[in-house]
Amino acid sequence: MTTLKTKRPRLLDRLRFHRDEANRLLRAQGNALDELYRRANAVRRQFMGDEVFIRGIVEFSNVCARNCYYCGIRAGNKHVKRYTMSADEILEVVRRFPANGQGTVVLQSGEASASFDDEALGKLIRRIKRETPVAVTVCVGNRPGEIYRYWRDCGMDRYLIRFETSDPGLYARLHPDSSLAERLDCLKTLRDLGVQTGSGFMIGVPGETVEILTNNILLCRKLDLDMIGIGPFIPHPDTPLGNTPNAYAADPDMFFKALAVLRLFNPDAHIPATTAYDAMFSGTGRDLALQRGANVFMPNATPSQYRKDYLLYPGKPCVDESAAQCGACVIHRIQALGRTLGQGPGHSKKRTAGIIT
Ligand code: 5AD
Ligand code: FES
């Protein structure tokens, strides 16, 4: 009979093995790097198929009460022209989604319930669910459990909230007004409510080491996430970290290595090719990400007049395009890679929690 006493060392051994393996892969170069990308792409195909799900992001308000040191729309940035879209404006955008093959809307804003209050957001979720076939993902930061519950009851399908870094000390140095423990609590609450949960982290925030990056990847796996979004940190000049380069500025392969290793350790999670990859690799980063582990594309669906005011980091692509242009462009990009368009809402494929034990 296996007792707890004998199980525990085996768990620790396994954890150490995974940590060593992830760490080793993140240092791959030359042929080993090509092999890593090939494996990540093969695992993506095996578990998620060749479909790429398209989820349009509507950045419905750039009002934010927080002051994360890296973020361009932080409350302290007085250069930002603040806006909040109306519910009717948002709904008008979402109604056009099905015609563009977009089965999900991601409603994203700064973290400030005062601009678009929690009840108004609940009512909007209800209207989207009643009046369109589109699935609703919400991404508006830390909120009390009862608000998450209310939104779930209104029909919210999914929630995205990155943990940003798995290191509590580094988290505290990046976020003057919240803690990693609070973030992880939000994730747990959402999970317990049965909401499909997405999280993730930035790659290369100042102070990050390869060991922390390894732990970020392992934390995603431990949280057994339905969706995982990661992307390079890009310094924004109007923030306290504006002059601090990305920790891997001299080794840009690291951004793709992180994605590939993330896929190997989370074979059945939805992993988007995030916008920051295009910002960092002049318009081709998201295509490369789709070939190195990603299976989701999140085009910008924010109306043109607001896009330039939602700059979390500089160099964000598509600020001069319209939602229709981005919708058409993304279909072309996916087809050019020989992939197919995801059909339906693209809900979580989680059926094999902890497939690598
Ligand atoms: N560089 C890269 N990503 C950023 N984000 C915010 N600011 C930056 C930046 N300067 C990311 C955070 C946040 C997500 C919405 O955007 O990870 O969770
Ligand atoms: Fe807005 Fe971080 S600055 S949530």
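Remember, it's 1-based here, ligands and their atoms both numbered in the order they're listed.
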Problem set entry | Inter- and intrachain pairs under ring pair (Phe, Tyr, Trp, His ring centres under 6.0 Å), touching residues 87-145, at least two apart |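 For residues 87-145: Phe60-Phe116.
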For this session: Could you check if a side-chain atom of Ile125 sits within less than 4.5 angstrom of a side-chain atom of Tyr150, using non-hydrogen atoms only?
Result: no
Exercise. Do Pro235 and Thr244 come close enough that some side-chain heavy atom pair is under 4.5 Å?
Worked result: no
Exercise. Can you say whether the rings of Phe256 and Phe281 are parallel (under 30°), tilted (30 to 60°) or perpendicular (over 60°)?
Worked result: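 Taking Phe281 first and then Phe256, their aromatic rings sit tilted (interplane angle of 30° to 60°).
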Can you pull out the closest protein heavy atom to [atom]? Residue, atom name and distance to 0.1 Å, please.
atom: atom 11 (C) of ligand 1; value: Arg162 NH1, 3.7 Å
atom: atom 7 (N) of ligand 1; value: Tyr70 CD1, 3.3 Å
atom: atom 16 (O) of ligand 1; value: Leu312 CD1, 3.4 Å
atom: atom 1 (N) of ligand 1; value: Ile234 N, 2.9 Å

Problem set entry | Min heavy-atom dist Gly231 to ligand 1 below 4.0 Å |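 In this structure, Gly231 fails to qualify as a contact of ligand 1 - no heavy atom is under 4.0 Å.
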Exercise. Of all the heavy atoms in Gly72, does at least one lie under 4.0 Å from an atom in ligand 1?
Worked result: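 No, Gly72 has no heavy atom closer than 4.0 Å to ligand 1.
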Problem set entry | Contacting atoms of ligand 1, where contact means under 4.0 angstrom from a heavy atom of Phe233 |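 In order of numbering, the contacting atoms are 1 (N), 2 (C).
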Exercise. Just which atoms of ligand 1 are under 4.0 Å from any heavy atom in Glu164?
Worked result: 12 (C), 13 (C), 17 (O), 18 (O)
Problem set entry | side chain to side chain contact (heavy atoms under 4.5 Å, CB included) partners of Pro317, counting only residues at least two apart |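 Once residues adjacent in sequence are excluded, the partners of Pro317 under the side chain to side chain contact (heavy atoms under 4.5 Å, CB included) criterion are Thr275, Asp278, Ala279, Arg286.
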Exercise. So which bit of Pro232 gets within less than 4.0 Å of ligand 1, heavy atoms only: side chain, backbone, both or neither?
Worked result: backbone
Exercise. How far apart are the closest heavy atoms of Asp157 and Val195, and which atoms are they?
Worked result: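 It is O-CG1, 3.7 Å.
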Exercise. Considering only heavy atoms, which of Met202, His236, Lys316, Met280 lies nearest to atom 3 (N) of ligand 1?
Worked result: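 Heavy atom nearest to atom 3 (N) of ligand 1 belongs to Met202.
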For this session: Assess Arg292 against Tyr37: is NZ or CZ under 6.0 Å from the centre of the six-membered ring, and within 45 degrees of the ring's axis?
Result: yes
Exercise. Do any nitrogen or oxygen atoms of Tyr313 come within less than 3.5 Å of a nitrogen or oxygen of ligand 1?
Worked result: no
Exercise. Taking N or O atoms only and a 3.5 Å limit, does Gln108 qualify as a polar contact for ligand 1?
Worked result: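 Min N/O separation from ligand 1 is not below 3.5 Å for Gln108.
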Exercise. Between Phe265 and His18, is the ring centre distance below 6.0 Å?
Worked result: yes
